[in-house]
Amino acid sequence: MARVAEFVRLAPTPRSHLGILRLNMNSAENQINPTIDTASDSQHTAAEQVVVNEFASLGLSAPIVSALTAAGYTQPTPVQRRAIPAALEGRDLLVSSPTGSGKTAAFMLPAIQRLSTETVSGADRSRSRYPVARPRLLVLTPTRELAVQVSRAAETYGRDLRQLRTVSILGGVPYAQQLAWLKRDPEIIVATPGRLIDHLQRGRIELSALSMLVLDEADRMLDMGFVEDIETIIAATPASRQTLLFSATLDGKVASLTRTMMNDALRIEIAAEPARRDNIVQSVLWVDDRAHKDRLLSHLLSDAALDQAIVFTATKSDAAQLAVRLSDEGFASAALHGDLPQHARTKTLGWLRSRRLRVLVATDIAARGIDVPGITHVFNYDLPKFAEDYVHRIGRTGRAGRSGIAVSLAEHAEIGAVKRIERFTRQPLPVNVIEGFEPRRPAPSKTARPTGGRGRPGGRPGQGRPGQGRPQGRPGQGGGQRRGSTFRNA
């Protein structure tokens with residue numbers, strides 16, 4: 001089963017509540033400094049020493065290893081074990097690895113290590129007086145939320161290193177604010193392609209001093225139509241740069257792009273097992289129509305066992321309308337989609353992390369990369385267009401070794417989409433029914449068995465039930481007493 005956390009943790013560690021995220025990652029308010037249990041017994045101390053040795057053996061410096069230990073991170077994941085030493089040697093990398101396998105650390109750890117040890121010329125030592133930002137590391141991501149997540153990771157891993165300034169350059173943020181950040185001449189820029197192109201054309205960023213370029217989720221950027229922007233950005237970088245490309249697949253469009261941008265790249269492919277999520281109880285609930293689906297979703301969200309949930313919709317307008325309806329029903333809910341300005345998206349994510357928000361209604365692109373430990377449930381209000389997006393969706397719960405629940409609300413005409421998901425995940429999705437919310441029509445027949453045949457069902461009868469529906473008791477938290485939810489096999 002693929003890992004769902006950047007690292008395996010030695011002991012549960014509290015995450016700091018970030019509140020409303022600010023895109024200036026240099027702000028002291030956004031430093032992530034969770035601590036681990038500092039028990040004094042010798043066995044615990046010995047275990048911590050083993051952790052230090054694990055990361056040090058990859059060639060990482062003592063300050064970086066110290067930051068990782070302080071953050072509670074333990075053994076490297078497979079992709080980190082293979083990518084970090086090769087990147088430290090200066091190799092170009094083509095990396096394919098499942099979602100949640102630790103890809104961010106796989107490129108960010110060697111990147112900040114190299115930046116911290118590079119010899120800087122006299123001209124570079126006066127960087128703060130240079131009128132144009134000249135980063136040494138550039139990370140391109142497909143979405144703003146993923147860019148913020150990568151920037152926070154850089155701050156966490158490099159907290160004990162001096163002069164490693166990181167900023168996020170994203171659409172939806174006022175130019176004046178971004179120009180103020182760029183005046184600090186950051187060593188690391190994490191950006192989405194469109195807004196970076198704007199600053200390059202305005203002469204605010206110059207890439208001649210770049211020593212490393214990282215393309216994170218390259219396949220997704222190409223799917224979103226950023227190929228020309230990426231080619232323009234690459235053309236502005238020196239040929240001597242080191243290039244690291246991370247993607248779910250290394251074929252097709254990605255292969256075409258890499259032919260001209262990589263230099264004797266090392267190809268790393270981690271066994272792709274992203275589909276199975278044995279720590280997440282998955283099920284399908286068949287619905288008759290939109291009204292039936294709305295009633296069923298409201299009932300499910302009233303489950304007392306639900307901490308926080310993400311509800312996925314197919315369109316931005318549906319996300320906005322559904323969030324308003326749920327809010328009117330008393331749920332603490334908000335929408336997250338691409339039409340929102342960046343300050344609104346940042347504010348919404350801050351509410352989610354600080355638990356002021358119980359239900360987030362989101363589209364696929366907007367929610368990609370969200371990592372909030374409190375998310376216990378994922379609901380597919382609309383089934384995804386592509387089966388692989390189903391895996392990304394349900395991966396928002398069950399993070400860091402926790403368990404989770406994923407429920408798909410499907411109309412009978414969507415039997416084909418359900419079968420595609422089953423084939424991709426190599427496991428059947430159990431069909432459940434909630435008493436009092438039965439569909440009028442019987443469940444469609446799923447005669448085609450999923451390929452692979454190795455996966456056992458994601459849950460036994462009764463496993464998928466959302467709880468006993470105790471009264472919520474507080475307004476804004478799905479209040480109101482509802483009948484207990486009882487699943488039975490269809």
Given 3.5 Å as the limit, does a donor-acceptor pair link the side chain of [X] with the main chain of [Y], or not?
{"X": "Arg358", "Y": "Leu306", "answer": "yes"}
{"X": "Ser97", "Y": "Val79", "answer": "no"}
{"X": "Glu54", "Y": "Pro76", "answer": "no"}
{"X": "Ser327", "Y": "Ala323", "answer": "no"}
{"X": "Asn432", "Y": "Ser283", "answer": "no"}
{"X": "Gln113", "Y": "Ile64", "answer": "no"}
{"X": "Thr166", "Y": "Glu155", "answer": "no"}
{"X": "Thr313", "Y": "Thr315", "answer": "yes"}
{"X": "Gln321", "Y": "Asp318", "answer": "no"}
{"X": "Arg355", "Y": "Trp351", "answer": "no"}

Given the rule in the side-chain contact (heavy atoms from CB on, under 4.5 Å) test, do Leu300 and Ile434 qualify, once you have shown the distances and angles that lead to the verdict? CA-CA 9 Å; Leu300 293 169; Ile434 296 181; 3.3 Å; yes

Search all heavy atoms of [X] against all heavy atoms of [Y] and return the closest pair with its distance.
{"X": "Ala191", "Y": "Leu196", "answer": "CB-CB, 4.0 Å"}
{"X": "Thr141", "Y": "Ala147", "answer": "OG1-CB, 3.4 Å"}
{"X": "Pro63", "Y": "Asp160", "answer": "O-OD2, 3.5 Å"}
{"X": "Thr77", "Y": "Gly102", "answer": "OG1-CA, 4.2 Å"}
{"X": "Thr104", "Y": "Ala153", "answer": "CG2-CB, 3.8 Å"}
{"X": "Leu207", "Y": "Pro135", "answer": "CD2-CG, 3.9 Å"}

Is any side-chain heavy atom of [X] less than 4.5 Å from a side-chain heavy atom of [Y]?
{"X": "Ile84", "Y": "Phe55", "answer": "no"}
{"X": "Val254", "Y": "Leu222", "answer": "yes"}
{"X": "Leu297", "Y": "Phe379", "answer": "yes"}
{"X": "Leu179", "Y": "Arg204", "answer": "yes"}
{"X": "Leu349", "Y": "Leu336", "answer": "yes"}
{"X": "Phe107", "Y": "Gln80", "answer": "no"}
{"X": "Arg81", "Y": "Gln75", "answer": "yes"}
{"X": "Ile112", "Y": "Met212", "answer": "no"}

Do the ring planes of Phe437 and His299 sit parallel (below 30°), tilted (30 to 60°) or perpendicular (above 60°)?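 Taking His299 first and then Phe437, their aromatic rings sit tilted (interplane angle of 30° to 60°).
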
What distance do [X] atom [atom1] and [Y] atom [atom2] have between them, rounded to the nearest 0.5 Å?
{"X": "Phe386", "Y": "Arg420", "atom1": "CZ", "atom2": "CZ", "result": "9.5 Å"}
{"X": "Glu414", "Y": "Asn380", "atom1": "CD", "atom2": "CG", "result": "10.0 Å"}
{"X": "Lys103", "Y": "Ile270", "atom1": "NZ", "atom2": "CD1", "result": "11.0 Å"}
{"X": "Glu145", "Y": "Thr192", "atom1": "CD", "atom2": "OG1", "result": "10.0 Å"}
{"X": "Leu326", "Y": "Leu360", "atom1": "CG", "atom2": "CG", "result": "11.0 Å"}
{"X": "Leu429", "Y": "Glu422", "atom1": "CG", "atom2": "CD", "result": "4.5 Å"}

Who are the salt bridge (Lys or Arg N to Asp or Glu O under 4.0 Å) partners of [X], not counting sequence neighbours?
{"X": "Arg393", "answer": "Asp364"}
{"X": "Asp198", "answer": "Arg195"}
{"X": "Asp229", "answer": "none"}
{"X": "Arg114", "answer": "none"}

May I have the step-by-step check of side-chain contact (heavy atoms from CB on, under 4.5 Å) for Val150 and Asp216, ending in yes or no? CA-CA 9 Å; Val150 171; Asp216 191 15; 4.0 Å; yes

Under 3.5 Å, is there a donor-acceptor pair linking the side chains of [X] and [Y]?
{"X": "Tyr157", "Y": "Arg152", "value": "no"}
{"X": "Thr376", "Y": "Asp307", "value": "no"}
{"X": "Glu269", "Y": "Ser96", "value": "no"}
{"X": "Ser168", "Y": "Ser151", "value": "yes"}

All ring pair (Phe, Tyr, Trp, His ring centres under 6.0 Å) counterparts of His199, not counting sequence neighbours: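 Residues passing ring pair (Phe, Tyr, Trp, His ring centres under 6.0 Å) with His199: Tyr175.
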
Start with the C-alpha gap between Tyr390 and Gln282, add the side-chain angles, then the distance that decides, and say whether side chain to side chain donor-acceptor pair (under 3.5 Å) holds. CA-CA 11 Å; Tyr390 172 84; Gln282 304 170 51; 2.7 Å; yes

Using 4.0 Å as the upper bound for N to carboxylate O, is an ion pair formed by Lys293 and Asp382? yes

Using side-chain contact (heavy atoms from CB on, under 4.5 Å), reason through Ile188 and Leu115 one step at a time and then give a plain yes or no. CA-CA 9 Å; Ile188 303 172; Leu115 293 185; 3.7 Å; yes

Evaluate Arg220 against Asp389 for salt bridge (Lys or Arg N to Asp or Glu O under 4.0 Å), listing each step before the verdict. CA-CA 11 Å; Arg220 178 66 60 164; Asp389 287 335; 2.7 Å; yes

If the condition is side chain to side chain contact (heavy atoms under 4.5 Å, CB included), which residues does Ala87 pass it with, not counting sequence neighbours? Leu93, Pro110, Gln242, Leu244

Working note: Val359 + Leu301, criterion side-chain contact (heavy atoms from CB on, under 4.5 Å); need CA distance, chi angles, decisive distance, verdict. CA-CA 8 Å; Val359 181; Leu301 291 175; 4.0 Å; yes

Please report the C-alpha distance between Glu187 and Arg134 in whole Å, then the side-chain angles of each, then the deciding distance to 0.1 Å, and finally whether the salt bridge (Lys or Arg N to Asp or Glu O under 4.0 Å) criterion is met. CA-CA 7 Å; Glu187 285 73 21; Arg134 296 182 300 167; over 6 Å; no

